[in-house]
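Heavy-atom basis, side chains included; hydrogens, waters and symmetry copies ignored. Proteins get letters first, then strands, A, B, ... in listed order; numbering begins at 1 in each. As the structure is a prediction and not an experimental result, all values here were calculated from the model.
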Number of protein chains: 2
Amino acid sequence: MTEGGGDELLRVLAALASPHRLRVLAALAGGRNYVSRLARDLGISRALLQVHLRKLEAAGLVTSDLEFSEDGKALKFYEVVPFELTLTPQVVRDAAGSLTGPDDHDPDIRDHGPDIGKDNLS
Amino acid sequence: MTEGGGDELLRVLAALASPHRLRVLAALAGGRNYVSRLARDLGISRALLQVHLRKLEAAGLVTSDLEFSEDGKALKFYEVVPFELTLTPQVVRDAAGSLTGPDDHDPDIRDHGPDIGKDNLS
DNA sequence: AGTACCTGCTAACGTTTCTTTGCATGTGCA
DNA sequence: TGCACATGCAAAGAAACGTTAGCAGGTACT
């Protein structure tokens with residue numbers, strides 16, 4: 001297993017939460033393609049596309065495969081990994097348990113107290 | 001219908017793609033709760049929690065309900081809206097069609113051409 | 001040698017998002 | 001009147017993200 005925890009879910013959600021990446025994924029769902037061509041199809045720059053593809057790949061939503069065309073050109077093909085993810089409150093509940101989140105919050109409250117010493121209009 | 005398009009999906013995904021909001025949602029999945037108390041339970045500041053709750057609500061994942069406790073205090077209760085969202089390449093493909101995305105890209109390429117006039121080491 | 005494709009990378013900028021801090025408002029109770 | 005607890009909002013600094021521009025390398029065909 002790759003990891004399975006809530007962080008995985010988070011990575012997938014973050015990868016999906018972008019118009020560009022949604023479009024990229026949609027385009028690839030219509031068939032595999034290589035970077036330069038895909039960039040032209042979508043009308044975005046190659047550099048930009050690469051970044052997004054990397055994120056999609058990191059999330060495990062697409063796979064890359066370096067191939068060589070008959071005339072020797074190196075082409076990097078991407079294709080979608082068939083996935084099926086169902087989101088429900090319960091799923092979230094389970095996933096949230098194992099989160100290597102930003103803060104490993106300790107059990108103490110803060111919020112600087114509910115406004116003391118300040119009477120309004122006597 | 002609220003809107004149904006791909007933008008809706010995007011909003012939901014964006015709302016979910018955050019450790020904090022995932023935790024908030026998880027906490028609410030365990031039962032409804034009001035803001036201040038929830039903040040204490042989660043160990044985060046009230047202001048921060050409010051922001052995240054607003055986003056979750058905007059995405060339609062939770063609902064708020066202002067109530068008054070027996071002793072007259074105004075309590076804003078939040079609870080999860082039972083949802084069931086399934087993500088597959090095909091779903092993405094459909095959703096990507098109707099995207100009021102950041103750019104309404106015109107069909108022209110750019111990428112400043114593939115490096116011309118520049119011979120390295122003669 | 002020159003052009004046309006392909007790949008990859010990084011520095012830098014602009015923009016958005018996150019988070020804190022602080023103040024304003026209200027009720028109820030000693 | 002002072003404290004405890006509830007709500008709300010806005011400014012502002014910090015941190016993360018998205019995007020572009022530019023350079024690097026490669027093969028192949030004229």
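Taking atom CG on B/Leu49 and atom C1' on C/dT20, their separation rounds to 14 Å, with Å as the unit. Rounding to whole angstrom units, CZ of residue A/Arg37 and C1' of C/dC6 are separated by 14 Å. Rounded to an integer number of Å, the gap from A/Leu22 CG to D/dG18 P is 13 Å. Rounded to a whole Å, the CG atom of A/Asp41 is 11 Å from the P atom of C/dC6. Here D/dG8 presents its C1' atom at 14 Å from CG of B/Leu75, a figure rounded to the nearest Å. For A/Leu42 and D/dT19, the CG to C1' distance is 16 Å, given to the nearest whole Å. At whole-Å resolution of the value, CG in A/Leu53 and C1' in C/dG8 are 13 Å apart. Taking atom CZ of residue A/Arg46 and atom P of nucleotide C/dC6, one finds them 9 Å apart after rounding to whole Å.
Regarding contacts with the backbone of C/dT20, a side-chain N or O of B/Ser45 is found under 4.0 angstrom from either OP1 or OP2. For B/Lys76 and D/dA6, the shortest distance from a side-chain N or O to OP1 or OP2 is not below 4.0 Å. The shortest distance between the side-chain N/O atoms of B/Arg40 and the OP1/OP2 oxygens of D/dA6 is below 4.0 Å. Not one side-chain nitrogen or oxygen of A/Tyr34 sits closer than 4.0 Å to the OP1 or OP2 atom of C/dT7. Within the 4.0 Å cut-off from OP1 or OP2 of C/dT17, not a single side-chain nitrogen or oxygen of B/His52 is found. The phosphate of C/dT7 has neither OP1 nor OP2 within less than 4.0 Å of any side-chain N or O from A/Gln50.
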For this session: Verify side-chain contact (heavy atoms from CB on, under 4.5 Å) between A/Leu85 and A/Leu9, making sure each step is shown before the conclusion.
Result: CA-CA 9 Å; A/Leu85 175 58; A/Leu9 212 203; 4.2 Å; yes
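Nearer the 5' end of DNA chain D, as judged by each residue's closest nucleotide, is the contact made by B/Tyr78, out of A/Ala17 and B/Tyr78.
Within 4.0 Å (heavy atoms only), B/Leu48 reaches at least one base atom of the nucleic acid. Across all strands shown, B/Lys73 has heavy atoms under 4.0 Å from base atoms, whether or not it also approaches the sugar-phosphate.
Checked by atom type and distance alone, the side chain of B/Arg21 pairs as donor or acceptor with a backbone atom of B/Ala15 at under 3.5 Å.
For the segment residues 55-71 of chain A, no residue has any heavy atom less than 4.0 angstrom from an atom of DNA chain C.
The side chain of B/Ser36 has D/dA6 as its nearest neighbour among D/dA6, C/dC6, D/dT19.
A salt bridge does not link A/Asp7 with A/Arg11: none of the charged nitrogens is closer than 4.0 Å to a carboxylate oxygen.
For the atom pair CD1 of B/Ile44 and NE2 of B/His20, the computed distance is 5.5 Å after rounding to the nearest 0.5 Å. Atom NE2 of B/His52 and atom CG of B/Leu25 lie 12.5 Å apart (nearest 0.5 Å). We find the OH-OG1 distance between A/Tyr78 and A/Thr63 to be 9.5 Å, quoted to the nearest 0.5 Å. Annotation: the span from B/Ser36 atom OG to B/Leu75 atom CG amounts to 8.5 Å, rounded to 0.5 Å.
Between A/Glu57 and A/Ser64, the side chains place a donor N or O and an acceptor N or O closer than 3.5 Å (distance only, hydrogens not considered).
The salt bridge (charged side-chain N to carboxylate O under 4.0 Å, His left out) search around A/Asp65 returns A/Arg32, not counting sequence neighbours.
Within 3.5 Å, no donor on the side chain of A/Arg21 pairs with an acceptor on the base of D/dG18, nor the reverse.
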Nucleotide N/O to protein N/O under 3.5 Å, stretch nucleotides 10-16 of chain C:
none

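Side-chain contact between A/Leu49 and A/Val35 is present, with at least one heavy-atom pair separated by less than 4.5 Å.
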